[in-house]
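Remarks on the structure that follows.
Excluded from the calculations below are hydrogen atoms, water molecules and symmetry mates; all remaining heavy atoms, backbone and side chain alike, are included. Heads up: numbering here begins at 1 and tracks the sequence.
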Amino acid sequence: MTDAISPLSPTPSSSNNAVANSPARVLIASLIGTTIEFFDFYVYATAAVIVFPKLFFPASDPTSATLQSFATFSIAFFARPIGAMIFGHFGDRIGRKATLVAALMTMGLSTIVIGLLPTYESIGVLAPILLALCRLGQGLGLGGEWGGAVLLATENAPEGKRSWYAMFPQLGAPIGFILSAGLFLILRETMADADFLSYGWRVPFLISIVLVAVGLYVRLKITETPEFQRAIEKEERVSVPIAVIFRSHFRSLILGTIIAVATFVLFYLMTAFTLSWGTRPPGNGPLPAGLGYSQGQFLVVQLVGVVFFGLMIPLSGLLSDRYSRRLVLILTTIGILIFGLFYSSLLTAGLAGAFACSIIGLALMGFTYGPIGAALAAPFPTTVRYTGASMTFNLGGIVGASLAPYIATWLATNYGLVYVGYYLAGAAMLSLIGILLSGNDEI
């Protein structure tokens, strides 16, 4: 095992590993994996709005088809805690590296298969069933990916730079989104509708095979984290990490889940739901209508917002190390609450308002997403940290994101877009309570 020891570990072989465990290699390995994972995830989210309702859930009522598509979207969030338990168990038992490789393979293969699926017209009801199973695989893979990538970064971080290192895997979210949305935008602008619905939509899913190959190459070059290596040497590993979490760290699990809710609600409202509502045709009935933008127009709106999402993540990491993660999260969550009250007014104020809504909402997302990785990992000891951080993050996904597009669509259709903003403000209030209940040493 000495070949896997980091230069931070006092061992004669440390000099052999200085290059292997260099900061650049560690940070690139943590970033590229989450970029691929989130690319795969967002490809599905975009297709769930503009493709799947037509090809996998045909219905006379477009709203019903969209709601069914969003229902399969939610499957991954319920699968993620299961993935967190499975991959977290092995990540805490045999190591971060091997588990990260397995998570990447699970996610990547599920995405590739979606690109090969026959549609409802070809095989009937079996098509949405197979789509749901692939979405399940995506959820299992992402459930194991995020925690391991954050630990790969934080367990190699020098003193005083944990938040900075932890924000690198978080950058995978905006980069993955830009790649997926940009690819869909290019396809929509360069292909006829009939060609896009026939085969063009499959391209982003099939391209994942190239990205997965690159990710595996990088991941296989890294060595084990120094903190986990020390746990091996001291024989501190536990037999069933999830049991230890529930027995000794249940409070941290619950508080972390609550803290993460606003982050998830904000992001999936600003992406999946807002894209759906923004491109929904305007109507003349008593219920609120969509905004009537073309898919190309609104993908540009979202891409601009995601640029601000990406820019705010490193800034939040720097501020979190300089001041505290807790302070940054408190101020940002208050900002999300206020933004929720103005969400509807901004989104419906023409194209300029839509851009402002996207930029402000996703900039706030960057400020909360940057420190959340280090914050959720902090309360757990090394021996159960993979399981604990992964479970916390993914339970937050169930509560905050799994049904967010569905709930928002239902609220907007039945009560008006303003209630979607109230929903976001309520989620922010819940997370703010969780942060205030936690201490500085807990996040």
Side-chain angles (χ1 to χ4, degrees), residues 26 29-31 33-34 37-38 77 80-97 99-100 102-103 139-157 162-170 172-173 224-228 231 236-238 240-261 263-264 317 320 325-326 329 368-401 431 434-435 438 441-443:
V26 166
S30 65
L31 172 61
T34 52
E37 300 283 356
F38 281 105
F77 290 96
R80 280 164 67 164
I82 300 172
M85 283 189 285
I86 295 171
F87 289 105
H89 176 85
F90 290 106
D92 286 327
R93 288 291 301 158
I94 64 175
R96 303 349 186 180
K97 174 181 173 177
T99 308
L100 280 168
L140 291 173
L142 190 56
E145 162 64 28
W146 180 87
V150 168
L151 298 194
L152 177 64
T154 59
E155 292 183 354
N156 280 284
R162 285 221 165 199
S163 293
W164 175 252
Y165 270 55
M167 72 84 190
F168 271 86
Q170 304 296 75
E224 195 52 79
T225 71
E227 289 189 28
F228 185 77
E236 294 175 340
R237 287 176 294 175
V238 299
V240 187
I242 188 63
V244 176
I245 293 293
F246 281 107
R247 184 173 65 247
S248 304
H249 305 283
F250 189 70
R251 182 177 185 273
S252 296
L253 180 68
I254 297 301
L255 281 179
T257 299
I258 293 172
I259 290 168
V261 165
T263 301
F264 278 106
S320 295
R325 289 188 293 266
R326 190 170 188 268
L329 286 171
T368 186
Y369 200 62
I372 201 76
L376 298 185
F380 301 102
T382 304
T383 50
V384 295
R385 190 174 292 145
Y386 199 132
T387 303
S390 297
M391 283 293 295
T392 303
F393 184 75
N394 291 298
L395 286 174
I398 285 185
V399 178
S431 289
I435 298 168
S438 65
D441 58 335
E442 292 180 287
I443 57 173

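- Ile398 and Pro81 make their closest contact through CD1-CG, 3.3 Å (heavy atoms, listed as atom of the first residue, atom of the second, distance).
- Aromatic ring pairs are classed by plane angle as parallel below 30°, tilted from 30° to 60° and perpendicular above 60°; the pair Phe393 and Trp146 is parallel.
- The structure places CD1 of Ile443 at 5.0 Å from CD1 of Ile259, a figure rounded to the nearest 0.5 Å.
- For the pair Phe250 and Ile245, the minimum side-chain heavy-atom distance is 4.5 Å or more.
- Distance alone, capped at 3.5 Å, places no donor-acceptor pair between the Ser163 side chain and the Gly317 backbone.
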Checklist line | Leu395 and Val399: CA distance, side-chain angles, deciding distance, side-chain contact (heavy atoms from CB on, under 4.5 Å) verdict | finding: CA-CA 6 Å; Leu395 286 174; Val399 178; 5.7 Å; no
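- Scanning all heavy atoms of the two residues, the minimum distance from Leu376 to Ala260 falls at CD1-CB, 4.4 Å.
- With hydrogens and angles ignored, the 3.5 Å screen pairs no side-chain donor or acceptor of Ser30 with any backbone N or O of Ala153.
- Distance CE/Met85 to CG/Asn394: 10.0 Å, rounded to 0.5 Å.
- Counting only distance, with no hydrogens or angles, the side chain of Arg96 and the backbone of Gly91 share a donor-acceptor pair below 3.5 Å.
- With values rounded to the nearest 0.5 angstrom, Glu145 atom CD is found 10.5 Å from Arg80 atom CZ.
- Rounding to the nearest 0.5 Å gives a distance of 10.5 Å between CZ of Phe380 and CG of Asp92.
- In this structure, Ala173 and Tyr369 approach most closely via the heavy-atom pair CB-CE2, 3.6 Å.
- The shortest distance between side-chain heavy atoms of Phe228 and Leu151 does not fall below 4.5 Å.
- Of the inter-residue distances, the one linking Tyr386 atom OH with Leu152 atom CG reads 9.5 Å to the nearest 0.5 angstrom.
- From Thr263, atom OG1 reaches atom CD1 of Ile372 across 4.5 Å, with rounding to the nearest 0.5 Å.
- When all heavy atoms of Glu155 and Thr382 are compared, the pair lying nearest together is OE2-CG2, 4.0 Å.
- Looking only at atom types and distance, the side chain of Thr392 has no donor-acceptor partner in the side chain of Thr257 under 3.5 Å away.
- Taking 4.5 Å as the limit, some side-chain heavy atom of Arg326 sits within range of a side-chain heavy atom of Ser438.
- Counting all heavy atoms, side chain and backbone alike, Ala103 lies closest to Phe87 at N-CE2, 3.6 Å.
- Looking at heavy atoms from C-beta onward, Val384 lies in side-chain contact with Val238 at the 4.5 angstrom threshold.
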Margin query: The test is side-chain contact (heavy atoms from CB on, under 4.5 Å); show your working for Ile242 and Val240 and say whether it passes.
Written below: CA-CA 6 Å; Ile242 188 63; Val240 187; 3.8 Å; yes
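- Looking at heavy atoms from C-beta onward, Val150 lies in side-chain contact with Gln170 at the 4.5 angstrom threshold.
- For the residue pair Leu329 and Pro371, the shortest heavy atom distance occurs at CD2-CG, 3.8 Å.
- When atom types are taken as modelled, the side chain of Thr387 and the backbone of Gly88 share a donor-acceptor pair closer than 3.5 angstrom.
- In this structure, the side chains of Arg251 and Leu255 come closer than 4.5 Å at one or more pairs of heavy atoms.
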